[in-house]
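What follows is a short report on a single structure.
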Amino acid sequence: MEWKAAEPELFRLPTLELAQALIGMALVKETQEGTAAGWIVETEAYCGPEDRAAHSFGGRRTARTEVMFGEPGHAYAHVMHTHCLLNIVSADAGCPQGVLIRALEPCAGIELMEKRRAGAKKLTELASGPGKLSRALGISMEDYGRPLWMPPLYVAAGREPGEIAAGPRIGIENSGEARDYPWRFWERGNPHVSGRKSWNR
DNA sequence: AAGTGGATTGGCT
DNA sequence: GCCAATCCACTTG
């Protein structure tokens, strides 16, 4: 499989547009063990200071959120309980916004992904969640701050996306009015999206 | 220097 | 459905 890495300019898109533009594109991770990749089928937008659910809400600038204040297209990884979550920094420097990658449809290195995700029985469980896809691709805090238009971790040209659906984000019940913003995007009907099937219509 | 809680997952009831 | 696992950044003393 040959991958065509994205142009750095792609990530300058406004966050909500980037979150939708990424659906159907590929996320590729190269390691010594081999290369694993998947089509992006679910994302969430986190719109910086205005967004109560964002880590950068109110312009909070700390060691953790620092990379979001810089140039777009870099990786913002953070740890959640036992898992690592991957975000792509979006918009221009000074705008601390990002797009959380929530689910992938595996398309290369599937054997490697299955090995890393020992316990996942079905193909649709390999990367159907933000913590799962990090595990499947071997993404960790080592990747924090890396540019996402060149190896070892990058976004690449993908396939034609299906219809894109939008709905409220997941796991942010304590985020006030931001709780209901329809800033989660996914490919309608794709079985590799996270969570239950109820909302995937 | 210690306590708190979270953009999750998977296993058990 | 509910709950424990288990790490680290951030807050507070």
Side-chain angles (χ1 to χ4, degrees), chain A residues 11 15-16 18-20 22-23 27 38 40-70 72 74-91 95-106 113-145 148 153 155 165-186 191-200:
Chain A
F11 306 106
T15 304
L16 289 171
L18 179 62
Q20 295 168 77
L22 287 169
I23 303 286
L27 181 67
I40 296 169
V41 297
E42 184 181 353
T43 61
E44 276 179 8
Y46 284 88
C47 297
E50 315 290 305
D51 180 1
R52 291 192 73 92
H55 290 158
S56 54
F57 173 66
R60 234 169 45 130
R61 185 168 187 162
T62 64
R64 183 172 65 149
T65 61
E66 180 60 30
V67 70
M68 282 200 283
F69 287 81
H74 293 260
Y76 167 44
H78 85 275
V79 174
M80 182 48 172
H81 291 266
T82 59
H83 303 277
C84 183
L85 280 58
L86 176 69
N87 297 247
I88 297 176
V89 177
S90 62
C95 298
Q97 310 191 345
V99 176
L100 171 67
I101 308 301
R102 283 196 60 90
L104 301 178
E105 175 182 341
M113 295 170 81
E114 286 175 335
K115 178 181 147 200
R116 287 176 174 144
R117 293 268 303 126
K121 295 180 173 58
K122 295 182 290 193
L123 188 60
T124 53
E125 292 174 354
L126 270 191
S128 57
K132 297 178 190 176
L133 73 89
S134 293
R135 186 75 188 280
L137 294 200
I139 293 166
S140 71
M141 289 304 287
E142 300 277 303
D143 295 301
Y144 182 95
L148 293 171
L153 174 62
V155 173
R169 294 171 291 178
I170 289 180
I172 55 165
E173 284 75 19
N174 301 322
S175 302
E177 75 279 1
R179 184 185 48 177
D180 302 318
Y181 296 171
W183 289 352
R184 178 163 55 101
F185 304 98
W186 70 94
H192 299 273
V193 298
S194 70
R196 304 287 73 79
K197 299 228 166 90
S198 52
W199 47 263
N200 187 19

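Each chain gets a letter, A, B and so on, in the order the sequences are listed, and its residues count up from 1.
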Atom pairs, N/O to N/O, protein against nucleotides 2-4 of chain B, distance under 3.5 Å?
none

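- Scanning residues 47-55 of chain A for heavy-atom distances under 4.0 Å to DNA chain B yields A:A53, A:H55.
- Closest-nucleotide positions on DNA chain B for A:I172 and A:G119 were compared, and the one nearer the 5' end corresponds to A:I172.
- Residue A:R184 places no side-chain N or O under 4.0 Å from the OP1 or OP2 atom of B:dA7.
- Rounded to an integer number of Å, the gap from OH of A:Y46 to P of B:dA7 is 7 Å.
- Between A:R102 and the options A:I170, A:V193, A:L133, a side-chain contact (heavy atoms from CB on, under 4.5 Å) holds for only A:I170.
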Practice task
Please assess A:L27 against A:L86 for the test side chain to side chain contact (heavy atoms under 4.5 Å, CB included), listing each intermediate value before the final yes or no.
Solution key: CA-CA 11 Å; A:L27 181 67; A:L86 176 69; 3.8 Å; yes

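- Although no hydrogens or angles enter the test, the distance criterion places no donor-acceptor pair under 3.5 Å between the side chain of A:S56 and the main chain of A:T65.
- With sequence neighbours excluded, the residues that form a ring-ring contact (aromatic ring centres under 6.0 Å, His included) with A:H78 are A:H55, A:Y76.
- Residue A:R135 contributes atom CZ, which lies 12 Å from atom C1' of B:dG10 at whole-angstrom precision.
- A:S134 places a side-chain N or O within 3.5 Å of a backbone atom of A:C84 that can act as its donor or acceptor partner.
- Checked by atom type and distance alone, the side chain of A:R116 pairs as donor or acceptor with a backbone atom of A:L137 at under 3.5 Å.
- To the nearest angstrom, C1' of B:dG5 lies 10 Å from CG of A:N174.
- Atom pair A:L133:CG and B:dG10:P shows a separation of 12 Å (rounding to whole Å applied).
- For residues 45-54 of chain A, the set of pairs meeting the side-chain hydrogen bond (donor to acceptor under 3.5 Å, both in side chains) definition, not counting sequence neighbours, comprises A:E44-A:Y46, A:D51-A:R169.
- Between A:E42 and A:R184, at least one side-chain nitrogen of the basic residue sits less than 4.0 Å from a carboxylate oxygen of the acidic one, meeting the salt-bridge criterion.
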Completion exercise
For DNA chain B, the expected dot-bracket line (Watson-Crick or G-U under 3.5 Å, [ ] crossing, | inter-strand) is ||||||.|||||.

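- The backbone N or O of A:G145 sits less than 3.5 Å from a side-chain atom of A:H74, completing a donor-acceptor pair.
- What separates CG of A:L100 from P of B:dG6 is a distance of 17 Å, to the nearest Å.
- At distances below 3.5 Å, not a single donor-acceptor pair connects side-chain atoms of A:R61 with backbone N or O atoms of A:P96.
- Rounded to an integer number of Å, the gap from A:Y181 OH to B:dA7 P is 16 Å.
- Between the C1' atom of B:dT9 and the CG atom of A:L85 lies a distance of 11 Å, rounded to the nearest Å.
- Atoms OH (A:Y76) and C1' (B:dA7) sit 9 Å apart, rounded to a whole Å.
- Interatomic distance, A:R64 CZ to A:M141 CE, rounded to the nearest 0.5 Å: 9.0 Å.
- Note: A:I40 CD1 to A:L22 CG = 5.0 Å, rounded to the nearest 0.5 Å.
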Atom pairs, protein N/O to nucleotides 4-8 of chain C N/O, distance under 3.5 Å:
from: C:dA5; atom 1: N6; to: A:H81; atom 2: ND1; distance (Å): 3.1

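- Between atom CG of residue A:L85 and atom CD1 of residue A:I139 there is a gap of 10.0 Å, rounded to the nearest 0.5 Å.
- Checking the phosphate oxygens (OP1, OP2) of C:dT11, a side-chain nitrogen or oxygen of A:R60 falls inside 4.0 Å.
- For the pair A:R117 and B:dG10, the criterion of a side-chain N or O lying under 4.0 Å from OP1 or OP2 is met.
- Separation of atoms NE2 (A:H192) and CG (A:L126) is listed at 9.0 Å; rounding is to 0.5 Å.
- Using C1' as the reference atom, C:dC3 and B:dG5 are 16 Å apart when rounded to the nearest Å.
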